[in-house]
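All remarks here apply to the structure that follows.
Numbered from 1 within each chain, the chains take letters A, B, ... in sequence-line order. Note that this is a predicted model, so its numbers are computed, not measured.
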Amino acid sequence: MWRTYRGLMTVSWREAMAFRAGLVVYLLSTVFPFLMMGVWLTITRQTDPAGLDAGYFISYYTAAAVVNQLTSVWVIATWDDEIRTGQLSTRLLRPRDPVHQFLCQEACRRALAGAIGITALIVIQVTVPDFGQPRSIGAAALAVLSVLAAFALNFLMQCVFGMLAFWLTMVRRVYGVWIGIGFFLSGWVAPLDTLPDGVRAIAELSPFAATLATPVYTLTGTISGAESLRLLGVAAIWIVILLVLYRALWFAGLRRFDAVGS
Amino acid sequence: MSVIAVRELSRHYRVRISGERSGPRRLLRPRLSTVPAVQDVSFAVDAGEIVGFVGPNGAGKTTVLKCLSGVLHPTSGAIDVLGFTPHQRQRDFLKRITLVMGQRNQLLWDLPAWDSFLANQAIYSIGAAEFRATTDELTELLSLGSVLHKPVRQLSLGERARCELAAAMLHRPAVLFLDEPTLGLDFDAQDAVRSFVRDYVRRHAATVLLTSHYLDDITSLASRVLIIGSGRIAYDGALGDLVGFEHEERVLTVQMETAEPVTVPGVDSLRQDGTTVVIRASRAEASAVAAHILNHYPVRDISIAGPPLDDVLRKKITKAARA
């Protein structure tokens, strides 16, 4: 398996490099976190939301932009197209399931796009005195782990919804509803620190917090090591649940795959 | 010994019935009808055989090939390929077969074909020495030298088809399912594909099940033919028997100098469109008909050929249905 991944990562990296101009455009077009930063900075001028100041929101949404670059995937579109058009047929002929190649492709795209973002974040953390950052090597390691967990969760959630394409023709819209809920519970619209305790507890138990809030908190050194481990534990449980769900749906879907269009 | 054994294979598709009144109930529980694509198909193929698998569009050829290669689960029946049950998709099984689909693309579009080869090397766990030897062999057989390092999107259709074929053969499969491998290719590219298949089978003693609408693909490669019509096997036997019997008919295509109406005594099947005349006659009559036209009309060109494969197939299928 190691040799398979090494080979696939090599080819996927070349593929990502072939689209590097598109990735740069995507990077520059990331406006949502900065839009939300602007909204919260406006609010801090009038009030003091949950006791948080402007510096908190600048750190939070800058890190959120980087986390987004490192962890956002769009593999649901790949699954949807492959299954609906029957293109999956050619991949089913191979002795490794297509998910391995999709994982390598997404990882290389994120690594390329994220490399620019993470470099910018480190420069900001070093040069801006009050900008949040991990306070130890251990905290930095937890930050790396939380980014990987966020990537894994995004990937697996989209794989699970992608599997629905074996039964449905509009899985991207169904996923849109799911991710709409995620916008609130992940910390995109409002940092979890600003939410009522009950809502925050629900968010932290959902798979969404670990896709944004947890990596942002660990990257900006907002939470303790113990708290990071607790949130990473929740993420790990969701990763296992989603992995089991994805595999179950994959095998069920294959039984009813019609390989249409060819 | 049979490498492929199919017993009473059936595969049905479920199709949503359209044109009904829609509503929340139908949204949640759409009405579906079952369409049988393949019904009770049985046959066996021995090691080293090249079998032509032919039939009209929608007859079920591709469905059978997909069931044989594990892409589709059969609705009922049993399939054994190389001792494996295909739809279980065991790794050792997938490493020993290939399915080449003429209209399907497995190459990475924006990268050179070589990178797709490297991806397949990783997926099939092909060792470096074996990979080098196989790519050298495929490069020679398919004349790929100059095209392997150009982005796939810049290749011609024929070059791409040859690269697709090579990518599908990198793991040296023992069983080849070829579904319209020459579709859309020009004559040279078709020849190259046929030569490749012939050479590959000779070198590796592979077994081939080949579908094609091009009679030349079948006649130049296969010694046995399976005909499928409406999801059922209508003929299973030697190609020579089929073509020899069915090719009693000849088609004369004549290009006239003028659009003058043409008549041939004793021939009813004559169609004229301007200066083009198409006549169907028996093999025994064909020479006399050609001589009559050449003697009585100004002719620019004339050709005599067997009927298209579709006609041969249709006759055979109709005959089998009546039997």
Side-chain angles (χ1 to χ4, degrees), chain A residues 1-23 78 81-83 85-105 108-109 166-170 173-174 250-262, chain B residues 11-16 35 37 62-63 65-67 69-73 86-87 89-112 114-128 131 151 153 164 167-168 171 173 177 179-180:
Chain A
M1 198 56 142
W2 159 243
R3 278 174 57 188
T4 301
Y5 266 87
R6 195 181 57 182
L8 288 177
M9 288 298 273
T10 304
V11 175
S12 298
W13 181 254
R14 289 180 193 169
E15 215 179 351
M17 289 299 284
F19 292 105
R20 58 192 178 279
L23 284 170
T78 310
D81 292 341
E82 293 270 337
I83 294 168
T85 62
Q87 189 71 31
L88 186 67
S89 303
T90 53
R91 299 192 187 273
L92 291 180
L93 297 166
R94 300 172 185 174
R96 297 279 181 202
D97 284 345
V99 71
H100 301 295
Q101 190 160 12
F102 296 161
L103 177 61
C104 292
Q105 287 171 332
C108 287
R109 282 180 205 146
F166 284 115
W167 292 269
L168 305 172
T169 52
M170 297 166 74
R173 293 192 185 181
V174 176
W250 168 249
F251 289 117
L254 285 183
R255 277 194 290 279
R256 60 169 295 133
F257 181 50
D258 280 345
V260 291
S262 59
Chain B
R11 180 55 158 91
H12 301 165
Y13 290 108
R14 291 196 307 166
V15 180
R16 187 183 290 237
V35 178
T62 302
T63 298
L65 290 193
K66 285 180 176 172
C67 287
S69 55
V71 172
L72 291 179
H73 283 234
H87 71 262
R89 298 186 58 247
Q90 286 164 279
R91 205 163 288 156
D92 288 341
F93 166 70
L94 294 171
K95 282 183 174 181
R96 295 182 64 194
I97 64 133
T98 196
L99 167 60
V100 176
M101 291 180 273
Q103 292 170 313
R104 282 293 178 214
N105 189 349
Q106 68 157 310
L107 300 174
L108 298 163
W109 188 249
D110 292 290
L111 295 181
W114 183 253
D115 286 318
S116 296
F117 288 10
L118 291 176
N120 276 7
Q121 181 194 9
I123 289 168
Y124 285 94
S125 307
I126 304 169
F131 179 72
R153 64 170 185 272
E164 289 280 359
H171 56 293
F177 300 114
D179 188 14
E180 306 281 0

Does the side-chain contact (heavy atoms from CB on, under 4.5 Å) test come out yes or no for Arg91(B) and Arg96(A), once each step is laid out? CA-CA 7 Å; Arg91(B) 205 163 288 156; Arg96(A) 297 279 181 202; 2.9 Å; yes

For side chain to side chain donor-acceptor pair (under 3.5 Å), just list the numbers for Arg91(A) and Gln106(B), CA-CA rounded to whole Å, side-chain angles, deciding distance to a tenth of an Å, and then say yes or no. CA-CA 8 Å; Arg91(A) 299 192 187 273; Gln106(B) 68 157 310; over 6 Å; no

Which is it for Arg94(A) and Asn120(B) under the side-chain contact (heavy atoms from CB on, under 4.5 Å) test, yes or no, and what are the steps along the way? CA-CA 8 Å; Arg94(A) 300 172 185 174; Asn120(B) 276 7; 3.9 Å; yes

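With a 4.5 Å cut-off on non-hydrogen atoms, Leu254(A) touches chain B through its backbone and its side chain both. Proximity to chain A is absent for every atom of Asp92(B), based on heavy atoms less than 4.5 angstrom apart. Residue Ile126(B) touches chain A through its backbone alone, counting heavy-atom pairs closer than 4.5 Å. For Leu108(B), the part lying near chain A is the side chain, with the backbone staying farther off; criterion is any non-hydrogen pair under 4.5 Å.
Ile123(B) is not listed as a side-chain neighbour of His100(A), based on a closest heavy-atom distance of 4.5 Å or more. Put simply, the side chain of Glu15(A) does not reach to within 4.5 Å of the side chain of Asp110(B), judged on heavy atoms. Here the side chains of Pro95(A) and Arg89(B) are not in contact, with every heavy-atom distance at 4.5 Å or above. Between Arg255(A) and His87(B) the shortest side-chain heavy-atom distance does not fall below 4.5 Å.
Across every non-hydrogen atom of Gln101(A) and Ala119(B), the tightest pair is NE2-CB, 4.2 Å. When all heavy atoms are compared, the tightest approach of Gly7(A) to Ala122(B) is CA-CB, 3.7 Å.
No side-chain donor-acceptor contact under 3.5 Å links Arg14(A) to the backbone of Leu111(B).
Counting heavy-atom pairs closer than 4.5 Å to chain B, the top residue among Val11(A), Thr4(A), Leu93(A) is Leu93(A).
Exactly one residue among Val71(B), Leu99(B), Leu72(B), Thr62(B) makes a side-chain contact (heavy atoms from CB on, under 4.5 Å) with Ser89(A). That residue is Val71(B).
No salt bridge links Asp258(A) with Arg14(B); every basic N to acidic carboxylate O contact stays at or beyond 4.0 Å.
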